[in-house]
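These numbers come from the heavy atoms of this one structure, side chains and all, not from hydrogens, waters or symmetry mates.
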Amino acid sequence: MTDPLHDPRFFADPYPTYARLRDMAPVRKVPTGSGGRHSYLVTGYAEAREAFADPRLSKDTVRFFAGRTSERDLHPAVSRNMLATDPPQHARLRALVTKAFTTGAVARLRPYIAGLVDELLDAWPERGPVDLVASLAVPLPVTVICEMLGVPESDRPLVRTWSSELFAAGDPRRIDAASHAIGGYMTDLVAARRSSPGESLLDDLIAVRDGQDQLTEDELVSLAVLLLVAGHETTTNFIGNAALALLQHPESLARLRAEPQLLGSALDELLRFDSPVGIATFRYSTEEFTLGGTVIPEGVPVLIAPGAANRDPNRFPGPDRLDFDRGAVGHLAFGHGIHRCLGAPLARAEAELALRALISRFADIRLAVPAEELEWRHTRLMRGLASLPLICDDHPVTIIR
């Protein structure tokens, strides 16, 4: 059996493949890459939710790869970050940054985010075409997280490029090179902020590192890199996927125009329908156990697929239908358990404000190319568009906040 997730057609529409695998078994052994290696893929909702919270699935990549030969050359700031740790180290690191992403902290950022959305949309042409990914979905969250971390405006285009390269599926050399570029950059930025401190989140972390024994220098750099990359990649895909879903479901788009107060709750269904993360980050089994009726041996990778779990008909009847009345709050787009996405409140706020402005400012918005010609990013971890060309005509004067 070949890798079922390796077919190029999978990137354009992974859901038929997920459905076939889930129908066979919600937890299934699958080939991974070349060399006869295998992983266990979790596609069922109940099984994915259970796996996310199971302490027998470790994220400690250093421990897993210890003693194994590898040709990879990832920068330690990328390969050994908070996402690749278990308790208690994970809890210690997460506690240092949680306050910056609470609902209250994000609420204080909303005016800034809304102003940035308006600024980006003001630059759109009176009549298309325009690429929503390049002109809104990428620059909005990149600018917000760079502002939070104190990344100079002149450096932000480089950050975008390196971050995109980190997800260059099938090209380890590009990924490794990007990891060293962004790891080296953050090391230099930490040094620069020490010499000339400010009031950013990065300055707060430097103060913790220098004033208390809670953070090593390597942990400081890796945490900053993680926040920088994870702080916008998921949101970029969220905005692009949600916009496309609305354009392909004009009745749902029309309903949001008529009932703009519905958008906040509609975000959960949009996240469920086309999750910005297809397969969650690396986990492996620390002992043999049974999940979804499948025995998983000790010491093997386990791939949890929230994109598949969110289309499980046992949890969401008619899963291939976009339905704002279904109550999708239990989706797994942001994961579950102790590793649930730290930046979920920020991602929701950015997507809500972007979509709200898009819907209210443009009375006529449509795809500039047939949907089958859209280009999707070739990465199984992230689920997102490389571009989303639109035609936007007629600008109403009312902007809904």
Donor-acceptor check, side chain of [X] to backbone of [Y], threshold 3.5 angstrom: yes or no?
X      : Y      : answer
Arg22  : Ala308 : yes
Thr236 : Ala137 : yes
Asn81  : Val78  : yes
Asp54  : Glu50  : no
Arg272 : Asn310 : yes
His339 : Gly335 : no
Ser285 : Pro297 : yes
Arg209 : Leu215 : yes
Thr161 : Pro157 : yes
Thr187 : Gly183 : yes

Contacts satisfying side chain to side chain donor-acceptor pair (under 3.5 Å) that involve residues 130-143 (not counting sequence neighbours) are Trp124-Ser135

Under the ring pair (Phe, Tyr, Trp, His ring centres under 6.0 Å) test, residues paired with [X] that sit two or more places apart:
X      : value
Tyr45  : Phe316
His75  : His180
Phe65  : Phe282
Phe334 : none

With the threshold set at 4.0 Å, does a side-chain nitrogen-carboxylate oxygen contact exist between [X] and [Y]?
X      : Y      : result
Glu350 : Arg110 : no
Arg356 : Glu352 : yes
Asp176 : Arg174 : no

Note to self: Using salt bridge (Lys or Arg N to Asp or Glu O under 4.0 Å), reason through Asp274 and Arg383 one step at a time and then give a plain yes or no.
What the structure shows: CA-CA 8 Å; Asp274 203 2; Arg383 161 76 178 159; 2.9 Å; yes

| What do the steps show when you test Met82 against Ser222 for side chain to side chain contact (heavy atoms under 4.5 Å, CB included), and what is the final call? | CA-CA 8 Å; Met82 183 179 71; Ser222 70; over 6 Å; no

In Å and rounded to the nearest 0.5 Å, what is the [atom1] to [atom2] distance from [X] to [Y]?
X      : Y      : atom1 : atom2 : answer
Leu353 : Leu140 : CG    : CG    : 8.0 Å
Leu256 : Leu358 : CG    : CG    : 11.0 Å
Asn241 : Leu271 : CG    : CG    : 9.5 Å

State, yes or no, whether a side-chain contact exists between [X] and [Y] at a heavy-atom distance under 4.5 Å.
X      : Y      : value
Phe101 : Leu201 : yes
Leu41  : Val27  : no
Ile279 : Ile304 : no
Thr61  : Ser79  : no
Asp218 : Arg80  : no
Leu132 : Val130 : no
Ile338 : Phe52  : no
Thr235 : Val144 : no

Identify every side-chain donor-acceptor pair in residues 369-376 under 3.5 Å, counting partners at least two apart or on other chains, and give the distances.
none

Any chance the side chains of [X] and [Y] put a donor and an acceptor closer than 3.5 Å?
X      : Y      : result
Arg160 : Ser163 : no
Asp203 : Ser200 : yes
Thr286 : Glu298 : no

Locate the shortest heavy-atom distance separating [X] from [Y]; write the atom from each residue and the value.
X      : Y      : value
Glu165 : Ala178 : CB-CB, 3.4 Å
Asp155 : Tyr185 : OD2-OH, 2.7 Å
Gly292 : Pro26  : O-CG, 4.1 Å
Met186 : Val221 : CG-O, 3.9 Å
Pro129 : Ala368 : CB-CB, 4.4 Å
Leu332 : Ala48  : CD1-CB, 3.8 Å

Sequence neighbours excluded, the answer for salt bridge (Lys or Arg N to Asp or Glu O under 4.0 Å) partners of Arg283 is none

With sequence neighbours left out, the residues meeting salt bridge (Lys or Arg N to Asp or Glu O under 4.0 Å) with Glu147 are Arg156

More than 12 non-hydrogen atoms from neighbouring residues, nucleotides or ligands closer than 6.0 Å to [atom1] on [X], yes or no?
X      : atom1 : result
Arg193 : CZ    : yes
Gln261 : CD    : yes
Arg173 : CZ    : no

Residue pairs passing the salt bridge (Lys or Arg N to Asp or Glu O under 4.0 Å) test with at least one member in residues 322-344, sequence neighbours excluded, are Arg255-Asp325, Glu269-Arg326, Arg321-Asp323

Here the salt bridge (Lys or Arg N to Asp or Glu O under 4.0 Å) pairs for residues 82-99, sequence neighbours left out, are Arg92-Glu219

- Can Leu166 and Ser179 be said to form a side chain to side chain contact (heavy atoms under 4.5 Å, CB included), step by step? CA-CA 7 Å; Leu166 283 175; Ser179 77; 3.9 Å; yes

side-chain hydrogen bond (donor to acceptor under 3.5 Å, both in side chains) filter on Thr281, not counting sequence neighbours, yields Lys59

Residues at least two apart in sequence or cross-chain that pass side-chain hydrogen bond (donor to acceptor under 3.5 Å, both in side chains) with His336, listed by chain then number, are none

Exercise. Output, in order, the C-alpha distance, side-chain angles, deciding distance and verdict of side chain to side chain contact (heavy atoms under 4.5 Å, CB included) for Phe289 and Leu57.
Key: CA-CA 10 Å; Phe289 71 105; Leu57 289 177; 3.8 Å; yes

(message) If you apply the rule side chain to side chain contact (heavy atoms under 4.5 Å, CB included), what do you find for Phe324 with Leu262, and how did you get there?
(response) CA-CA 8 Å; Phe324 291 154; Leu262 182 65; 4.0 Å; yes

Practice prompt. Please find out if less than 6.0 Å separates the ring center of Phe273 from that of His331.
Written response: no

